[in-house]
*Asks:* 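A single structure is presented below for examination.
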Protein chains: 2
Amino acid sequence: MNNKLNLDKLDLQIIQHMMEDAEISYADLGKKLFVSGGTIHVRIKKLQKDGIVKGTKLNTDLKLLGYDVIAFIGIYLKESSLYDSVAKELYKLKEVVRLNYTTGNYSMFVEIICKDISELRNVLHEKLQKIKGIERTETLISLEESFARNVRVLD
Amino acid sequence: MNNKLNLDKLDLQIIQHMMEDAEISYADLGKKLFVSGGTIHVRIKKLQKDGIVKGTKLNTDLKLLGYDVIAFIGIYLKESSLYDSVAKELYKLKEVVRLNYTTGNYSMFVEIICKDISELRNVLHEKLQKIKGIERTETLISLEESFARNVRVLD
DNA sequence: ATTGAAAGAGTCTCAGT
DNA sequence: ACTGAGACTCTTTCAAT
């Protein structure tokens with residue numbers, strides 16, 4: 001099956017379109033998908049009720065907002081049992097926008113967004129290294145984000 | 001300065017709020033920020049005109065949509081001059097949702113979202129390894145996404 | 001720049017199919 | 001389950017400040 005709930009092609013088409021642009025009106029989206037605006041409305045309400053659609057988010061240009069640096073940090077823990085306490089500390093750092101518990105080289109994998117390299121250095125040396133339980137870190141600085149897009153739910 | 005354009009506190013408050021929830025009405029957001037709905041409207045139009053606000057996106061629950069696996073792949077290139085041609089091939093793979101050109105261990109760093117581990121195996125062994133210019137890859141599988149959030153543009 | 005009100009456009013509900 | 005129309009709400013424009 002294509003998904004855990006029983007979504008049909010129309011549901012997926014709605015999701016696919018609105019993942020890129022949630023501003024389109026139900027009437028206009030209905031025209032594109034050859035159904036009425038009312039049908040789009042009913043489908044979206046159902047998707048919201050089921051928890052599949054959680055809302056909409058503003059899409060901004062981070063560089064224009066002054067955030068020039070994206071970095072990925074692999075974290076080695078002293079013991080893997082320290083995950084939860086380290087995660088709690090990482091959550092407090094506003095520059096840390098994402099945390100994953102990973103297999104492979106690192107125990108934890110973090111994404112950091114900040115304004116410039118000096119701010120990144122501050123986060124790495126002043127903030128991260130002071131968290132108890134972190135043995136060492138490895139930093140990948142993004143020199144360029146070639147692309148970032150959503151999953152494609154239709155072929 | 002806080003940013004490259006001259007954004008005041010109200011602009012940042014609007015952005016901060018709508019990055020989490022873009023569905024709020026101008027009137028309601030105005031009430032929260034102690035200005036009229038008309039002012040919110042004017043500010044958002046200016047932010048759009050300046051390219052800071054690029055639109056809104058549907059926020060979905062990927063697990064409920066059947067996408068259970070997030071993986072990060074570090075890619076070693078045979079020569080760094082192959083970046084562009086490899087990037088073009090990676091873009092064609094729908095499972096690859098993000099590509100960064102990075103300093104550090106790897107030349108390229110990729111995020112993959114797919115439905116299950118067998119699909120990930122297929123992407124890694126059938127698709128990635130066939131791209132000319134890739135020497136080898138290192139995979140981090142996310143066992144859990146502890147959090148994922150936006151940058152905080154206000155203190 | 002901000003406001004408030006009127007006009008226009010979109011969402012939501014519901015009876016009919 | 002889909003449709004279309006009416007009620008309601010939100011966005012957009014604009015004259016006044």
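Here is the naming used below: chain letters follow the sequence lines, and residue numbers restart at 1 for every chain.
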*Asks:* On DNA chain D, which is the earliest and which the latest nucleotide, 5' to 3', with an atom closer than 4.0 Å to a heavy atom of chain B?
*Replies:*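 Range of nucleotides within reach of chain B: D:dC10 to D:dT13.
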*Asks:* Would the distance check show the side chain of B:D11 and the main-chain N or O of B:D8 forming a donor-acceptor pair, the cut-off being under 3.5 Å?
*Replies:*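 The answer is yes, because a donor-acceptor pair under 3.5 Å joins these two groups.
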*Asks:* Quick one: what's the B/S/- string for nucleotides 10-15 of chain C, heavy-atom cutoff under 4.0 Å, read 5' to 3'?
*Replies:* SSBB--
*Asks:* Report the relative orientation of the aromatic rings in A:Y76 and A:Y106; use parallel for angles under 30°, tilted for 30 to 60°, perpendicular for over 60°.
*Replies:*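 Judged by the thresholds at 30° and 60°, the geometry between A:Y76 and A:Y106 is perpendicular.
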*Asks:* Say whether A:V35 and A:M18 are linked into one hydrophobic cluster, either directly or through other cluster members, by side-chain heavy-atom distances under 4.5 angstrom.
*Replies:*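 Yes, one cluster joins them.
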*Asks:* Which whole-number value in Å describes the distance from A:L29 CG to C:dA9 C1'?
*Replies:*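 Going from CG in A:L29 over to C1' in C:dA9 covers 16 Å.
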*Asks:* Does a nitrogen or oxygen in the side chain of B:T39 sit under 4.0 Å from OP1 or OP2 of C:dT3?
*Replies:*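 True: B:T39 side-chain N/O within range (under 4.0 Å) of C:dT3 OP1/OP2.
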*Asks:* Considering just the side-chain nitrogens and oxygens of B:R43, establish if one lies under 4.0 Å of OP1 or OP2 belonging to C:dA1.
*Replies:*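 Negative; the distance criterion is not met.
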*Asks:* If you look at every heavy atom in A:V153 and A:M19, which pair is closest and at what distance?
*Replies:*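 Closest approach of A:V153 to A:M19, heavy atoms only: CG1-CE, 4.2 Å.
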*Asks:* In terms of hydrophobic clustering (I, L, V, M, F, W, Y; side-chain heavy atoms under 4.5 Å; direct or indirect links), are B:L65 and B:L58 co-clustered?
*Replies:*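 Yes; tracing contacts between hydrophobic side chains, which count when under 4.5 Å, links both residues.
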*Asks:* Parallel under 30°, tilted from 30 to 60°, perpendicular over 60°: which one fits the rings of A:F147 and B:Y91?
*Replies:* perpendicular
*Asks:* Test of understanding: with ring pair (Phe, Tyr, Trp, His ring centres under 6.0 Å), list the residues that count as partners of B:H41, not counting sequence neighbours.
*Replies:*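 Partners of B:H41 by the ring pair (Phe, Tyr, Trp, His ring centres under 6.0 Å) criterion, ordered by chain and then number, come out as B:Y26.
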*Asks:* Check whether B:R149 reaches the backbone of A:V96 with its side chain - one donor and one acceptor, N or O, closer than 3.5 Å.
*Replies:* yes
